[in-house]
Amino acid sequence: MNRISRACITLITLLALTLPAGAQYLASEQIKFTRQDSLRGSITPERAWWDLTYYHLDIAVRPSDSTIYGSNTVTYRVVNSSGIMQIDLQPPLELIKAEQNGKSLDFSREGNVYWISMSEKQEPGKIYSLVLNYGGKPKISRRPPWEGGITWKRDKNNLPFVASSCQGDGASLWWPCKDHMYDEPDSMLISVNVPSNLMDVSNGRLRSVVKQKNNTTTYNWFVANPINNYGVNINIADYAHFSEVFNGEKGRLDCDYYVLKENLDKAKIQFKQAPMMLSAFEYWFGPYPFYEDGYKLVEAPYLGMEHQSSVTYGNGYKNGYRGADQSGSGWGDKFDFIIIHESGHEWFANSITYEDVADMWVHESFINYSENLYVEYFYGKDAGTEYALGTRRSIRNDMPVTGIYNLNNSGSGDMYPKGGNMLHTIRQIVDDDEKWRAILRGLNRDFYHQVVKGSQIEEYMSEKAGINLKPVFDQYLRDIRIPVFEYYIKDGKLTFRWNNCVQGFNMPLRIYVSGVRKDIVPTSRFSTIGLETEDVVIKVDPNYYVGTLNMTGK
Ligand SMILES: [Zn+2]
């Protein structure tokens, strides 16, 4: 009697800490979705009929009146003939003219979307171009990078310091485009005209610098690889520049650094972590995915963002996240969070890109996890483990990690620490470090420069691990409950099961019976294993992100 009542109290405490199963989707159901969300978040027929091949964004940025004016030339291959094209551009910016082969096209506006009427017949298989002239005062970001827009600031010499950031809100905040992640141009030219006392740093390689007559200069940046919308960026300042060459897995990688002149000395010290990052992540994930475009770290007037081949940096030249260790383990103080985390996204975000933001875990879970791999690479496996377990303190289990598909809806912020700990847990299940590293490198080889559904990543990992990981992904990505390993010892046997879990949850688990390792496969039904003596201590390996309940209360 006594034993049972104590077990009940523990169980009630546990249940109080986790929401009941029925309440798990409540938070996401409360969001009201609009037609604009569907237009933004789905592959509409007006998007599906044309396949992007090339963008030439050609703009003048004027810090004096906070305006952008210019054009985007969109080149595409017709998939199937259609008469209406969807182009996204958010107010207060306006489309001024749309032109094909010198002829003006009619268009109408519906919120963030322009419907362009194609006058020429669009023949399947053929390539066409469309010039979109636009301009105005783009939205100013009040909380970059969490809220998208343009940031207009000044450096210590009172010179303009300007940058774009648009993850989540979308690139159509500042330029007209197909603002959905499923389609990327094969390459892109970004031409940015700025006052001649400033320079622009965008993505890819600086192809040319052209001085204009009106005391302005145009910087032409060419991206030789597919690029996602929110990866495109402008950074405008009176930059200082230094560079180095990293000898990596695919040869010589040009690394270029652009920082405010006032921070040059600090940057030369802090950015020594960039080649360290490249060594660690090439080891775990394979070659840096954009050798052709080089790697850049660019100082920006906000915290930072994973802009493809021009990672932006604003972490104050301090280790940690704004100087603090997010894991509380001490290991987070050993590296600059923004250099490591945002650059890690070159592999998971820029090379392997989610198709729907509902699967944003593909970017953030792997990159949260990469922080622990970085620590492991330089400080050993125990250090990496301490970091991973430390990040659990910010898991909320408030909503599922995955969002709602086709509505431009992302899931819980748990996609970072919980997703990272899910991957750390899967590594324990694989239980073979070389195989695990081969899976991480395999993902980057087989999904190189691809847009993916989360399910493709899940299936790939199951296949390569040789273990059906679907119940594990269902549990940690699509449910908010943390599985509880329940056990008791009686009649010379250890009896155990999984509880508080999805149906069919059968994750293998490593436990220690008085210090002796035992690999078991609990299910939601009780199973037993024989014990030599009942006087044992059961310990679940803490690397697994699970709860434990001794049902006898011992
Ligand atoms: Zn991130």
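First listed ligand is number 1; within each ligand, the first listed atom is number 1.
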Short N/O/S contact of H341 with the Zn ion (ligand 1) (below 2.8 Å):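 Checking H341: at least one N, O or S atom is under 2.8 Å.
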- Query: Any N/O/S atom, backbone or side chain, of E306 lying under 2.8 Å from the Zn ion (ligand 1)?
  - Reply: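 It does not: E306 brings no N, O or S atom closer than 2.8 Å to the Zn ion (ligand 1).
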- prompt: Is the NZ atom of K139 crowded by more than 12 outside heavy atoms at less than 6.0 Å?
  reply: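 Above 12, so yes.
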**Study point:** Any donor-acceptor N/O pair, Y134 side chain to W174 backbone, under 3.5 Å
**Key:**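 At least one qualifying donor-acceptor pair exists.
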Below 3.5 Å, can you tabulate the donor-acceptor pairs from side chains in residues 185-192 to any protein atom, sequence neighbours excluded?
unit_1: S191; atom_1: OG; unit_2: H56; atom_2: NE2; d: 2.8
unit_1: S191; atom_1: OG; unit_2: N220; atom_2: OD1; d: 2.6

Just by distance, with hydrogens left out, do Y288 and E249 show a side-chain donor and acceptor under 3.5 Å apart?
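Note: Y288 and E249 side chains miss the donor-acceptor criterion.
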ask   = Can you name the N/O/S atom of E364 that is nearest the Zn ion (ligand 1)?
value =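 Going by distance to the Zn ion (ligand 1), the closest N, O or S atom in E364 is OE1.
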